[in-house]
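Below is one structure, written out as structure tokens; comments come after it.
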Amino acid sequence: MKKRWMIGGLEGLLPPNADKESTVSQCTGIGVMGGAASAVWFLIRYGEARSNLYTYSSSLQRRVLTGEKIEPFSHFAGCAGWLMAFFLFMLLVWMGMLYASFSQGSRSLYLMGRLPKGRRIMAGYLLRGPLWCLARCAVLCGALLGAYYLVWRFATPTGCLPI
């Protein structure tokens, strides 16, 4: 019964002999690892840009603002954009693996081509599952982009924003 809330939407979209729990685990792992890598990449880029706003004043014995402006948010938005490109690449690989699965066991490409609606059924198996995951990946990228904007907007000193 583990991960039932995630399998529910995906199990009807996969080919009959596909291992649904393994597929959901792989999709979840790709999403979590990709999201974490994107967040780390953003924090490194933003941290470097934010530290460039300060200089050390030996007379005051502390860091002071240099008066420079931080890069516009579009400079940092690429972290979520590249994540979406990564997800698209992984989904294309997954589609190739689903297509190759029709060459195993009783599911053959030849048989699917000969069935009256076989090509349509096979195309549905190849597209529906990856598109289902792509929609969830787009939601994740949008949420990360919103979080990145909030960090950029409210963690940057007001005088340093290019707004």
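Predicted, not measured: the structure shown is a model, and the values here were computed from it. As a basis for the values below, the full set of heavy atoms in this structure was taken, side chains included, without hydrogen atoms, waters or symmetry mates.
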*Which residues satisfy the side-chain hydrogen bond (donor to acceptor under 3.5 Å, both in side chains) test with Arg45, sequence neighbours excluded?*
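Residues passing side-chain hydrogen bond (donor to acceptor under 3.5 Å, both in side chains) with Arg45: His75.
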_Residues which pass side-chain hydrogen bond (donor to acceptor under 3.5 Å, both in side chains) with Thr158, listed by chain and number, not counting sequence neighbours_ =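 Applying side-chain hydrogen bond (donor to acceptor under 3.5 Å, both in side chains) to Thr158 gives none.
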State plainly whether one hydrophobic cluster holds both [X] and [Y], where clusters connect Ile, Leu, Val, Met, Phe, Trp and Tyr through side-chain heavy atoms under 4.5 angstrom apart.
X: Ile44; Y: Leu145; answer: no
X: Leu88; Y: Trp41; answer: no
X: Val93; Y: Phe87; answer: yes
X: Leu161; Y: Val151; answer: yes
X: Met33; Y: Leu134; answer: no

*Is a side-chain donor or acceptor of Lys69 paired with a backbone partner of Gly159 at a separation under 3.5 angstrom?*
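It does hold such a pair.
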*Atom pair CD/OG1 of Gln26 and Thr28 - distance to nearest 0.5 Å*: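 OG1 of Thr28 is found 10.0 Å from CD of Gln26.
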*Step by step, would you call Tyr148 with Phe42 a ring pair (Phe, Tyr, Trp, His ring centres under 6.0 Å)?*
CA-CA 7 Å; Tyr148 297 164; Phe42 168 77; 4.3 Å; yes
*With a 4.5 Å heavy-atom cut-off, do Leu140 and Met84 have their side chains touching?*
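A side-chain contact is absent here, since even the closest heavy-atom pair is not under 4.5 Å.
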*Would you mind reporting whether Ile30 and Cys133 have side-chain heavy atoms less than 4.5 Å apart?*
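Of all side-chain heavy-atom pairs linking Ile30 with Cys133, none is under 4.5 Å.
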Closest approach of [X] to [Y] (non-hydrogen atoms, all atoms of both residues):
X: Pro130; Y: Leu91; answer: O-CD1, 3.5 Å
X: Ala49; Y: Glu71; answer: CB-OE1, 3.2 Å
X: Tyr46; Y: Ile70; answer: CE1-CD1, 3.7 Å
X: Leu83; Y: Gly35; answer: CD1-N, 4.0 Å
X: Ser38; Y: Ala80; answer: OG-N, 4.0 Å
X: Glu68; Y: Leu53; answer: O-CD2, 3.6 Å

_Applying ring pair (Phe, Tyr, Trp, His ring centres under 6.0 Å) as the test, list every pair that has at least one member in residues 55-74; sequence neighbours left out._
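Checked against ring pair (Phe, Tyr, Trp, His ring centres under 6.0 Å) - neighbours excluded - the pairs reaching residues 55-74 are Phe73-Tyr149, Phe73-Trp152.
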*asked:* If you apply the rule side chain to side chain contact (heavy atoms under 4.5 Å, CB included), what do you find for Tyr54 with Val64, and how did you get there?
replied: CA-CA 5 Å; Tyr54 294 93; Val64 293; over 6 Å; no
*Using a cut-off of 6.0 Å, state whether more than 12 heavy atoms not belonging to Trp82 lie near its atom CH2.*
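Atom CH2 in Trp82 is not crowded, with 12 or fewer foreign heavy atoms closer than 6.0 Å.
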_Between Trp94 and Cys27, is the side chain to side chain contact (heavy atoms under 4.5 Å, CB included) condition met? List the steps._
CA-CA 10 Å; Trp94 184 30; Cys27 289; 4.2 Å; yes
*Within 45° cone of Trp132 ring axis and under 6.0 Å: Arg136 NZ or CZ*: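 Yes, Arg136 sits over the ring of Trp132.
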